[in-house]
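Report on the following structure.
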Amino acid sequence: MNSVGEACTELKREYDQCFNRWFAEKFLKGESAEDPCGQLFKRYQRCVQKAIKEKDIPIEGLEFMGPSKGKTENSS
Amino acid sequence: HPWETVTTAAMQKYPNPMNPSVVGVDVLDRHVDPSGKLHSHRLLSTEWGIPSIVKSLIGTCRTKTYVQEHSVVDPVKKTMELKSSNISFTNLVSVDERLVYKPHPHEPDKTILTQEAIISVKGVSLSSYLEGLMANTISSNASKGREALEWVINRLNAEIEEFTASARGTMRNSMAAAAFVEK
């Protein structure tokens, strides 16, 4: 499955693999502890944020879109 | 299928042959809240294969529709809730969907899905025929959704079998090699 930003697809795949493994083997079994995919997620995120801005996709209510917004929890 | 299987499959739902129009999936945000529930915000990109005459009316750069999805997985209560709404540039029709997966109360190997969709039409008034058409599409999409998860579950099982078979083969080879060395 591709990413909305073509350049992000590889980063997305690496993150997805890590997440899917953690989700099925740890999180669902109640061992939520640490999410080991933090670094991969950050790299993937930076790429996606850029792609969304470039493509002008109107996403509302997510904190990463505006550092000046300062919302800590979104309650959509 | 048990709730854990369905939930795992739902997280990896795309791509699947029942939803060929979904061309991209991205995670915008993901975190575990203080009560231990996993929240994920995802962006789905869909390409509908719009006829060229429509494309020329709306402009070719706008052929993608986007769906924003918020899911919450509670591993203790065993519920997964998905809320999605479409973001589209035309903004005429919006569809909000809500799905909840829970274990079957009497049969632990099964999962119950409840699904609702709210269709809102603004601006240009569409005929009731079109609204009815959308409602039909959404209810047939509901069964398509079940088929899609079934497909993903089968795929995941096949991957596990393949992995186990090749691991067995590797073990046999290395055991044979070890026996050879011992001699």
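Order of the sequence lines sets the chain letters (A, B, ...), proteins ahead of strands, with each chain counted from 1. The basis for the numbers below is simple: all heavy atoms, side chains too, and nothing from hydrogens, waters or symmetry mates.
Contact annotation for B/S45: only side-chain heavy atoms (C-beta onward) come within less than 4.5 Å of a heavy atom of chain A. Heavy atoms closer than 4.5 Å to chain A are found in both the backbone and the side chain of B/T7. Proximity to chain A (any heavy atom under 4.5 Å) is restricted, for B/Q12, to the side chain, taken from C-beta onward.
Within a 6.0 Å sphere centred on NZ of B/K144, heavy atoms belonging to other residues, nucleotides or ligands number more than 12.
The choice from B/R30, B/M11, B/K78, B/E4 that makes the most heavy-atom pairs within less than 4.5 Å of chain A is B/R30. Counting heavy-atom pairs closer than 4.5 Å to chain A, the top residue among B/D74, B/V25, B/L44, B/V76 is B/V25.
Put simply, B/V67 and B/V22 are part of the same group of oily side chains (I, L, V, M, F, W, Y) that touch within less than 4.5 Å, one to the next. Under a hydrophobic clustering in which Ile, Leu, Val, Met, Phe, Trp and Tyr are joined whenever their side-chain heavy atoms come within less than 4.5 Å, directly or via other members, B/W3 and B/L113 fall into the same cluster. Linking Ile, Leu, Val, Met, Phe, Trp and Tyr residues whenever their side-chain heavy atoms come within less than 4.5 Å places A/F23 and A/L40 in a single cluster. Follow the hydrophobic side-chain contacts under 4.5 Å out from A/W22 and you reach B/V27 in the same cluster. B/V32 and A/Y15 fall within a single hydrophobic cluster, where Ile, Leu, Val, Met, Phe, Trp and Tyr side chains are chained together by heavy-atom contacts under 4.5 Å.
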Verdict with reasoning, A/L28 to B/T8, per side-chain contact (heavy atoms from CB on, under 4.5 Å)
CA-CA 9 Å; A/L28 286 186; B/T8 305; 3.3 Å; yes

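Judged purely by atom type and a 3.5 angstrom limit, A/Q49 has no side-chain atom pairing as donor or acceptor with the backbone of B/L28. A/N2 places no side-chain N or O within donor-acceptor distance of the main-chain N or O of B/G24, the cut-off being under 3.5 Å.
Counting only heavy atoms from C-beta outward, the side chains of B/L43 and A/I52 approach each other to under 4.5 Å. Side-chain contact between A/F19 and B/L38: present, with at least one pair of heavy atoms (C-beta onward) separated by less than 4.5 Å.
The distance from atom CG of B/D26 to atom OG1 of A/T9, rounded to the nearest 0.5 Å, is 7.5 Å.
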